[in-house]
There are 2 protein chains.
Amino acid sequence: MARTAGSHSDITGPRIQQAAQRLFARHGYAAVSMRQIAGEVGVQAGALYNYTRDKQSLLFGLMQDHMQELLATWGARPQGNGPVAALEAFTRFHIRFHLERPEEVFIAYMELRNLTPENHAAISALRGRYEDGLEAILKRGVAGGVFDVADTKIATLAVIAMLNGVNTWYRAGGRLSLDEVETVYWDMVRKAVAPAAISTA
Amino acid sequence: MARTAGSHSDITGPRIQQAAQRLFARHGYAAVSMRQIAGEVGVQAGALYNYTRDKQSLLFGLMQDHMQELLATWGARPQGNGPVAALEAFTRFHIRFHLERPEEVFIAYMELRNLTPENHAAISALRGRYEDGLEAILKRGVAGGVFDVADTKIATLAVIAMLNGVNTWYRAGGRLSLDEVETVYWDMVRKAVAPAAISTA
DNA sequence: ACGCTATCTGAACAGATGTTCAGAAAAAAC
DNA sequence: GTTTTTTCTGAACATCTGTTCAGATAGCGT
């Protein structure tokens with residue numbers, strides 16, 4: 001046997017990425033074999049190497065695509081007038097974007113240690129750019145007196161960590177709608193960075 | 001060759017756990033082999049099985065020990081008078097406890113998916129008890145009017161997620177002391193759950 | 001209808017995986 | 001000093017790992 005009926009790189013390529021994403025998210029990069037991925041696609045393991053240089057590139061590709069889409073989508077957003085509106089826009093965007101792609105997010109956070117040093121640096125740089133975007137908002141707010149945080153870098157990481165937590169429990173069709181979840185978190189973020197006695201409620 | 005000079009189960013047992021902890025935290029459960037762990041201890045792979053039933057039990061033991069110590073240490077703490085003091089005590093305790101054992105924490109959060117279903121349920125139950133402790137504080141505060149959150153369950157998870165974030169960036173000997181870090185986070189937590197216009201600052 | 005290229009198979013490679021176990025030697029008990 | 005027990009080795013087990021590649025077939029351009 002050889003080339004199979006209906007085989008097409010436009011089909012197989014994306015299917016390999018999807019299968020890898022599903023399996024990496026579910027079981028972890030190290031626990032997933034190339035044969036498992038191939039099996040999910042309905043192909044032999046050797047065929048994967050028409051689409052990826054090796055297993056590491058498969059992981060890196062997924063993570064890079066995710067981070068670049070995150071940055072591009074965020075960059076194309078209306079930024080909001082003033083730091084408070086910008087922070088609200090960020091909060092709602094972040095929650096929605098991340099809840100829409102739980103697998104990508106999970107991989108992006110859990111599989112960093114399985115990247116080669118160069119790949120790790122590349123992904124970290126992208127993540128840093130995203131974090132800098134939030135920190136810039138906080139800095140403007142602090143300068144303008146509408147926010148009050150002891151350290152904008154720590155506050156940035158604290159806010160992102162808090163927002164990322166939503167991915168651990170939210171399930172579509174649950175008690176709260178996506179919109180309600182956004183509002184609940186925005187309420188906490190807003191207050192957390194607000195000046196001590198002035199609340200914008 | 002056979003039993004080696006100076007061999008002692010009181011020594012080897014803990015050394016295996018330490019080695020497993022170090023390696024699991026660094027490279028992930030699935031990426032670490034029994035031979036690597038044995039090598040770290042200076043022993044052949046077969047010797048590990050005098051101390052653990054299998055690799056899975058080694059992981060589960062580490063996670064269970066960690067969670068039980070977390071609960072025991074927290075349970076033995078002064079609880080603080082009133083919800084605000086209790087929340088501050090929780091915040092400071094959580095940060096300190098977690099920063100003191102980054103490897104255990106990392107494993108407890110990253111390796112859940114590598115547990116068998118029964119083991120996963122056991123660890124999740126322990127984690128649930130810890131979260132319930134925080135939620136009880138929040139509920140008392142909401143009832144007493146000193147906290148205002150839309151949903152105590154979500155607020156619980158949000159607070160814990162935010163606090164856990166500290167483990168991703170804090171390094172001993174950095175810019176801020178442990179005490180300062182605690183205060184910075186407590187400041188944000190306090191405000192995040194505070195009623196809209198009343199701040200305890 | 002024919003040739004070219006894209007796509008996949010199936011076997012092979014060298015080595016790693018978790019786990020078991022008979023046997024040997026060190027330590028402890030007597 | 002002898003026996004018993006504890007602790008470890010080293011080999012073996014069957015299976016899995018990522019990756020390569022010659023060869024075979026399907027689809028496409030002509």
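Throughout, a chain's letter reflects where its sequence line sits, starting with A, and its residues are numbered from 1.
Note: CD1 (I11(B)) to P (dC8(D)) measures 10 Å, nearest angstrom. Atom CD1 in I37(B) sits about 15 Å away from atom C1' in dA16(C), given to the nearest Å. Protein atom OH of Y49(A) is 15 Å distant from nucleotide atom C1' of dG10(C), rounded to whole Å. Look at CD on Q56(B): it is 13 Å from P on dG18(C), rounded to the nearest Å. Atom CZ of R53(B) is separated from atom P of dT19(C) by 9 Å (rounded to the nearest Å). For the pair K55(B) NZ and dT20(C) C1', the interatomic distance rounds to 17 Å; values are reported in whole Å. The interatomic distance linking Q44(A) (CD) with dG10(C) (P) rounds to 6 Å, in whole Å. Regarding D10(A), its CG atom lies at a distance of 11 Å from the P atom of dC28(D), rounded to whole Å.
Set against dG18(C), dT20(D), dT17(D), the side chain of Q36(A) has dT17(D) as its closest nucleotide. With distances taken from any side-chain atom of A45(B) to the nucleotides dT19(C), dC8(D), dT19(D), the minimum falls on dT19(C). For T4(A), counting side-chain heavy atoms from C-beta on, the closest listed nucleotide (dC8(C), dT17(C), dG18(C)) is dC8(C). Of the candidates dT19(C), dT7(D), dG18(D), dT7(D) carries the atom nearest the N50(B) side chain, counting heavy atoms from C-beta on.
The ring pair (Phe, Tyr, Trp, His ring centres under 6.0 Å) pairs that include a residue from residues 28-63 of chain B are F24(B)-Y29(B), where partners are two or more places apart or lie in different chains.
If you check every strand for non-hydrogen atoms under 4.0 Å, V41(A) touches nothing.
No hydrogens or angles considered: a donor-acceptor pair under 3.5 Å links the side chains of T152(A) and E135(A).
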I'd like a list of close polar pairs between nucleotides 12-15 of chain C and the protein, N/O only, cut-off under 3.5 Å.
unit_1, atom_1, unit_2, atom_2, d
dA12(C), N6, R35(A), NH2, 3.4

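Using a 4.0 Å cut-off between a side-chain N of Lys or Arg and a carboxylate O of Asp or Glu, E88(B) and R190(B) do not qualify as a salt bridge. A salt bridge links K153(A) to E131(A): at least one charged side-chain nitrogen sits closer than 4.0 Å to a carboxylate oxygen.
Residues Y130(A) and F90(A) bring their aromatic ring centres within 6.0 Å. For H98(A) and Y109(A), the ring centers are positioned 6.0 Å apart or more. W74(A) has its ring centre no less than 6.0 Å from the ring centre of F97(A).
The phosphate of dC16(D) has neither OP1 nor OP2 within less than 4.0 Å of any side-chain N or O from S33(A). Note on Y51(A): a side-chain N or O is less than 4.0 Å away from OP1 or OP2 of dC8(C).
Of the two residues near DNA chain C, Y29(B) and G42(A), the one whose nearest nucleotide lies more 5' is G42(A). Across the interface with DNA chain D, nearest-nucleotide mapping of A47(A) and A31(A) shows A31(A) to be the residue nearer the 5′ end.
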